[in-house]
2 protein chains.
Amino acid sequence: MPPRSTKEISIRDVARTAGVSVATASRVLSKAEYPVAADTRQRVLDAAATLGFVPNAMARGLARSRSDSVGVVMPWTNAYYAAMMSGIEAAARAHGLTMLLGLTNGDEGRREALVAAFLERRVDGILICAAAHDQRLGRGPEEMPVPAVLIGRQPDAGHPIIRTDNVAAGHTAARHLWSLGHRRFAYLTPDDAWYDFRDRRVGMMGFLESAGEPFSVELFDGVRGETDSYRRIADACRNGFDATAILASTDRHALGALAALADARILVPEDKAVMGFDNYITSGFLRPSLTSMSMPATEMGALGVEYLRQAINGDAVPKETILQAALIARQSTGPWRGA
Amino acid sequence: MPPRSTKEISIRDVARTAGVSVATASRVLSKAEYPVAADTRQRVLDAAATLGFVPNAMARGLARSRSDSVGVVMPWTNAYYAAMMSGIEAAARAHGLTMLLGLTNGDEGRREALVAAFLERRVDGILICAAAHDQRLGRGPEEMPVPAVLIGRQPDAGHPIIRTDNVAAGHTAARHLWSLGHRRFAYLTPDDAWYDFRDRRVGMMGFLESAGEPFSVELFDGVRGETDSYRRIADACRNGFDATAILASTDRHALGALAALADARILVPEDKAVMGFDNYITSGFLRPSLTSMSMPATEMGALGVEYLRQAINGDAVPKETILQAALIARQSTGPWRGA
DNA sequence: CTGAAAGCGCTTACAG
DNA sequence: CTGAAAGCGCTTACAG
């Protein structure tokens, strides 16, 4: 492999070829508004094109103290975060920002390492997408030399935050099941340490307690994924599982539950109803199709970048923005035989 | 919002505080191996810590002509690419590389724009993850000032490429269905323009033609997603659909087919078998669970970064690396009543 | 083991 | 409308 030429062609070469100063070349190349004689401008443009000039963003960033980039820290790349990422990327592109992506893979200790790395790269802003379970407080605005925006419920570090009203989502979900006649509920969740899952449960309980009729709730916690969910519900079915409405804290949990019920020959929705959160793209094509609360992941991502841009421009940003989830009713919740 | 202090604390401040030259400060701060007197080193480290020094990666990159970053262009953030991204991010982190991410959203014209943007940022290498349908040739190694690696089948632009043997995957899939007794096949696909989907079909045909017994294949093409897939199979069911083995070019297509069959009261796998590609995380929890060919997406991503690193170091990289998909047999393909 | 100095490629007051 | 020059914050031969 031949060594790549050590000297890149620079704005100085462009200036020389165009017969102008570097200052002028810089102006036509990057200050659209700056007044430059038309023919001078053209000469510079031609020279740049001929030489195949590719401006060096690091040099530019160094000179301007601005990198036109944003750092994004995310826990994983599951469907929920993938949707968020898609919203972030589109908005970043729209604003001419490059997106630096870092994943914590559930190790929230890595979050600070990622933020530090982004800071070395002098990103203009940082987007921190919650791993819902982290109780740790990240650095606050004082220790953060650039604007940061949080997406998803997480400890209040003092940055603007965008999140979904999961209490309301849980409330809506419970009300939907209740309206179909259900009074005996089960709630499937990994852990109360995950804000979103706890909020959904709290919302459910809130509705039930305000409904003014007797009800029961069986809590299944420590449920990690679809496999866990499957096992727990399969076990329950063998031991007189009397809940008729299973509210799963995610569609993936719901999927495990649906599979367990199917294998136990329990009909959905005739015998028991199942409902989840996230409205995974696949959920409408399950049989029975899965009722779910659709989360505004893409919107939160796009809004996060928008806020970041505003903050970078020195504009004010709402301290807390709360979006709502939407009920997508499907076959898994009704018509229910008991109703 | 108070204006952020315009002057960041620099290595010069660290040097001054430590009572050494900038050169020495630089050496202890970024050349671990460089011989520096122990106490001098400590003074620099202390000064840096006290001042809260955060090295400026743009300045560093400018001086070293190296950014320690890689650009990644991806079509979307669906589950397949999300897995790939996860592999890329982990490998990049392991090598101390920052990942810049750009999405084309299916608009392959944007690929070149992304590459150009990455080049301005002077990434050390570029990973181009195929949108399988693009026939356009990207820039070749001559027009690419940094190493590039392609992931996924795409036109040969001359860069090292890592891909999955989809012909073999199609072959394996067909053989699996054949071994269960199926002779009448259907293949569901968006379009032959997508290399992966065409290769899977070609592999299937190759197996069938070599099997030495009569067979039939009904081709469903132009099938875009699960909704399309549902409609097409629902239609077929109404019009004497005689294939017994439905091979879908992705699990999402398979999902639509499964739903259509369920709604038409056609039993899977008793009456017809269904099989897909991708082995989506959910496929094992469908009822019937879905047999699928598992793609090495994460591995391809990780390997891509590995190759990039080698190329950046000037080491040779295999021109073409072909990984294999794995058969994950589940209920949707058997035991089949006809066998 | 340490330092002075040139250089990386751009931008931007400042002066004309 | 244009240019000379200083500066952004680091690295690295070169010399000692």
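Below, chains carry the letters A, B, ... as their sequence lines are ordered, and counting in each starts from 1. Everything numeric here is computed off the predicted structure, so don't read it as measured data.
- Between B/Ser26 and D/dT11, a side-chain N or O to OP1/OP2 separation shorter than 4.0 Å is present.
- Of the two residues near DNA chain C, B/Arg122 and B/Val36, the one whose nearest nucleotide lies more 5' is B/Val36.
- Comparing atom distances between the B/Lys31 side chain and each of D/dC1, D/dT12, C/dT11 picks out D/dT12 as nearest.
- Shortest non-hydrogen contact noted between A/Tyr307 and A/Pro318 is OH-CG, 3.4 Å.
- One finds a side-chain N or O of B/Ser30 lying less than 4.0 angstrom from the OP1 or OP2 phosphate oxygen of D/dT11.
- In plain terms, the two heavy atoms of B/Ile88 and B/Met99 that are nearest each other are CG2-SD, 4.0 Å.
- The only member of A/Leu127, A/Val149, A/Ile162 that meets side chain to side chain contact (heavy atoms under 4.5 Å, CB included) when paired with A/Met300 is A/Ile162.
- Side chain of B/Arg60, nearest nucleotide from D/dC10, C/dG9, D/dG3: D/dC10.
- Taking the side chain of B/Tyr34 as heavy atoms from C-beta on, and the options D/dT12, D/dG3, C/dT2, the nearest nucleotide is C/dT2.
- Annotation: D/dC1 and D/dA5 have their P atoms spaced 24 Å apart (nearest Å).
- Stem analysis of DNA chain D (at least three stacked-register Watson-Crick or G-U pairs, each with both distances under 3.5 Å) gives C:1-3 with D:14-16, C:5-12 with D:5-12, C:14-16 with D:1-3.
- Closest of all the heavy-atom pairs between B/Val44 and B/Val14 is O-CG1, 3.8 Å.
- Comparing the C1' positions of C/dG16 and C/dT12 gives a spacing of 16 Å, expressed to the nearest Å.
- For a distance-only test at 3.5 Å, the side chain of A/Arg27 qualifies as a donor-acceptor partner of the base of D/dG3.
- Looking only at atom types and distance, the side chain of B/Arg121 has a donor-acceptor partner in the side chain of A/Thr98 under 3.5 Å away.
- Here the closest non-hydrogen pair linking B/Ser10 and B/Phe53 is C-CE1, 3.6 Å.
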